[in-house]
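See structure below.
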Amino acid sequence: MAPVTNENPDLQASRIVILGGGPGGYEAALVARRLGADVTVVERQGLGGAAVLTDVVPSKTLIATADWMTIADRAADLGIRLPVDTAKAAHPAMRRHMVDLDAVNTRVMALAAAQSADIHARLEREGVRVLIGEGRLDGPSRVHVTLQEDAAEVTVDADVILLALGATPRVLPTAIPDGERILTWTQLYNLKELPERLIVVGSGVTGAEFAGAYNALGSDVVLVSSRDRVLPGEDADAAELIEGVFRSRGMTVMSRTRAEAAVRTDEGVEVTLADGRVVKGSHVLLAVGSIPSTAGIGLEEAGVRLTASGHVQVDKVSRTSVRGIYAAGDCTGILPLASVAAMQGRVAMSHALGDAVSPIKLRTVAANIFTAPEIATVGYSEEKLKEQGSKYVTTTLPLARNPRAKMLGMRDGFVKLFAHPEASVVLGGVVVAPRASELIFPITLAVAHRLTVDDVAEAFTVYPSLSGSIAEVARMLHHRED
């Protein structure tokens with residue numbers, strides 16, 4: 001597709017105001033400064049936004065700690081033994097590895113704060129004006145900001161506005177979070193002790209990630225899913241494998257049942273299900289989606305068109321229904337990924353300031369679910385290929401056949417590729433493995449550049465390596481010419 005160029009190339013000296021300092025906002029600010037614009041970022045809680053302070057960075061740091069627990073559990077399979085029977089050990093240091101959740105969460109939040117400070121410092125070095133406070137549109141070219149520090153009011157005029165507003169956790173009216181026992185995923189980091197029995201309501205990406213992490217950390221976890229299986233929006237084989245892993249590690253998975261309410265009791269919490277059953281636990285995590293942070297800031301009054309769900313409507317170069325106003329990130333409802341938000345923000349500023357830009361191609365977006373093992377995907381899913389009637393061939397190779405995986409004691413996972421049966425072009429792929437987020441990159445390159453399975457198969461891989469399975473699957477898809 002040919003690059004799209006803004007119809008007004010004289011905007012290089014524009015005044016840009018960005019509402020929201022998350023990935024979509026701060027990446028946009030850097031692009032706008034490089035293109036010569038005067039840039040102001042308005043952020044209500046701290047640079048990096050929810051992605052850095054309460055969502056992506058904290059959750060993946062917590063999950064990284066849980067990964068170490070999962071690796072340690074494989075020690076016996078590799079011939080590593082503790083010096084004495086752990087049940088009889090006299091000293092705690094000689095017993096099975098334990099988690100100090102207070103120390104874990106202290107580290108998690110310190111890393112998030114440090115990352116936020118780094119982003120803040122970089123923006124200021126680049127000459128971006130940063131205002132910490134609440135912003136509200138006053139028409140299509142002016143923003144009012146109530147500063148957090150002293151509640152002073154500041155008005156900023158803009159030639160271009162970028163809405164990078166993010167989203168907040170959705171809650172149930174019958175399960176109001178209290179930050180102590182009934183929790184959203186932003187409140188988990190206040191916990192000082194590991195939940196004895198954690199009930200996770202919602203089996204999408206967020207629910208599955210936290211359920212797996214707390215299970216690995218040592219909590220008794222109950223996962224309540226309203227669907228037939230966990231991760232209903234993901235590759236069916238990958239989701240089935242993860243659910244099997246969850247159950248094998250002692251997690252209780254309650255499928256095809258919906259949570260109706262959650263209340264706090266003297267002992268902990270009680271979650272009432274749609275069929276009348278009551279599940280008791282020490283804590284409950286609500287992972288039932290998110291809502292865009294678009295209400296009450298003057299969007300509709302300025303003419304910005306919203307969807308029924310409250311998301312900002314945008315086109316492929318992040319334009320809204322109002323000339324000069326763009327939007328990026330979770331508030332658009334395109335894909336709730338930090339990488340997509342950042343790309344939307346960069347595309348928006350390049351377009352607004354007259355630089356050549358190519359519209360976002362969602363087909364080339366790689367995504368990862370940080371369970372153990374991870375699930376990474378890119379390109380067309382098998383469900384999408386079937387839905388649109390596309391011709392395709394597919395092959396799957398279990399991770400357990402990989403020599404490097406055997407050395408590391410890895411059993412659960414696979415590599416799957418989809419390709420066109422005649423042209424042999426790679427259409428998509430799924431990797432289920434530890435660090436699948438790293439392994440998906442060569443498949444992403446193949447999808448983005450329309451490589452064939454032979455292109456992938458003929459590239460050298462290290463022996464032994466987990467990435468060798470990607471080349472092996474490609475070789476299995478080789479189409480012999482008669």
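The structure places OG of Ser116 at 12.5 Å from CG of Leu111, a figure rounded to the nearest 0.5 Å. Separation of atoms CG (Asp77) and CE (Met410) is listed at 12.5 Å; rounding is to 0.5 Å. Once rounded to the nearest 0.5 Å, the distance linking NZ of Lys361 with CE of Met343 reads 9.5 Å. Rounding to the nearest 0.5 Å places CG of Leu62 at 5.0 Å from OH of Tyr214. In this structure, Leu183 CG and Asn190 CG are separated by 8.0 Å, a value rounded to the nearest 0.5 Å. Taking CZ of Phe210 as the start and CG of Leu188 as the end, the distance is 5.0 Å to the nearest 0.5 Å.
Although no hydrogens or angles enter the test, the distance criterion places no donor-acceptor pair under 3.5 Å between the side chain of Glu27 and the main chain of Gly24. Judged by distance alone, the side chain of Asp118 and the main-chain N or O of Ala121 form no donor-acceptor pair under 3.5 Å. Gln313 places no side-chain N or O within donor-acceptor distance of the main-chain N or O of Arg305, the cut-off being under 3.5 Å. Panel note: side chain Arg277, backbone Thr272; no donor-acceptor pair is recorded below 3.5 Å. Side-chain atoms of Thr106 come within 3.5 Å of backbone N or O of Asp102 as a donor-acceptor pair. When atom types are taken as modelled, the side chain of Asn368 and the backbone of Ser437 share a donor-acceptor pair closer than 3.5 angstrom. Judged by distance alone, with hydrogens and angles left aside, the side-chain atoms of Thr65 form a donor-acceptor pair with the main-chain N or O of Thr61 at under 3.5 Å. Judged by distance alone, the side chain of Arg170 and the main-chain N or O of Val288 form a donor-acceptor pair under 3.5 Å. Side chain of Ser226 to backbone of Thr257: no donor-acceptor contact under 3.5 angstrom is found. Judged purely by atom type and a 3.5 angstrom limit, Glu43 uses its side chain to pair as donor or acceptor with the backbone of Gly21.
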| task | Report the C-alpha distance between Arg475 and Glu472 in whole Å, list the side-chain angles of each, state the deciding distance to 0.1 Å, and finish with yes or no for salt bridge (Lys or Arg N to Asp or Glu O under 4.0 Å). | result | CA-CA 5 Å; Arg475 284 191 286 274; Glu472 180 62 26; 3.0 Å; yes

| field | Arg363 vs Val447, side-chain contact (heavy atoms from CB on, under 4.5 Å): CA-CA, chis, key distance, verdict | value | CA-CA 8 Å; Arg363 184 178 59 85; Val447 171; 3.4 Å; yes

| message | Using side-chain contact (heavy atoms from CB on, under 4.5 Å), reason through Ile132 and Arg44 one step at a time and then give a plain yes or no. | response | CA-CA 5 Å; Ile132 302 299; Arg44 65 168 65 92; over 6 Å; no

| task | Quick one: do Lys384 and Glu387 satisfy salt bridge (Lys or Arg N to Asp or Glu O under 4.0 Å)? Show the steps, please. | result | CA-CA 5 Å; Lys384 184 65 175 179; Glu387 177 186 307; 3.5 Å; yes

| request: List the steps, then state whether side-chain hydrogen bond (donor to acceptor under 3.5 Å, both in side chains) holds for Gln388 with Ser390. | output: CA-CA 6 Å; Gln388 62 191 23; Ser390 299; 2.9 Å; yes

| query | Please walk me through it: do Asn402 and Ser469 pass side-chain hydrogen bond (donor to acceptor under 3.5 Å, both in side chains)? | reply | CA-CA 6 Å; Asn402 180 286; Ser469 287; 2.9 Å; yes

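No hydrogens or angles considered: a donor-acceptor pair under 3.5 Å links the side chains of Glu382 and Tyr392. Donor-acceptor pairing under 3.5 Å is lacking for the side chains of Thr70 and Asp73.
Side-chain contact between Leu306 and Val312: present, with at least one pair of heavy atoms (C-beta onward) separated by less than 4.5 Å. Residues Leu399 and Leu466 have side chains in contact (heavy-atom distance under 4.5 Å, counting atoms from C-beta outward). Between Ser290 and Trp185 the shortest side-chain heavy-atom distance falls below 4.5 Å. Side-chain contact between Thr396 and Val415 is absent, with no heavy atoms from C-beta onward closer than 4.5 Å. Residues Arg264 and Glu270 fail the side-chain proximity criterion, which asks for heavy atoms closer than 4.5 Å. The shortest side-chain heavy-atom distance between Thr452 and Val426 does not fall under the 4.5 Å cut-off. Within the 4.5 Å cutoff, side-chain heavy atoms of Leu335 are placed close to those of Leu362. Looking only at side-chain heavy atoms (C-beta outward), Val453 and Ser424 come within less than 4.5 Å of each other.
Residue-environment remark: CD (Glu193) stays at or below the threshold of 12 foreign heavy atoms within 6.0 Å. In the displayed structure, Arg247 atom CZ is contacted under 6.0 Å by more than 12 heavy atoms of other residues, nucleotides or ligands. Within a 6.0 Å radius of CZ in Arg435, no more than 12 heavy atoms belonging to other residues, nucleotides or ligands are found. Atom CZ of Arg107 has 12 or fewer neighbouring heavy atoms from other residues, nucleotides or ligands inside a 6.0 Å radius.
Between Pro195 and Ser219, the closest heavy-atom pair is O-OG, 2.6 Å. In terms of heavy atoms, Ala164 sits closest to Gly25 at CB-N, 3.7 Å. For Ile443 against Ile470, the heavy-atom pair with the smallest separation is CG1-CG2, 3.9 Å. Residues Ala211 and Leu223 share a closest heavy-atom pair of CB-CD1, 4.1 Å. In terms of heavy atoms, Arg229 sits closest to Ser203 at O-OG, 3.9 Å. Between Leu191 and Glu180, the shortest heavy-atom distance links the atoms CD2-O, 3.9 Å.
The residue from Asp237, Thr377, Thr394 that alone fulfils the side chain to side chain donor-acceptor pair (under 3.5 Å) condition with Lys416 is Asp237.
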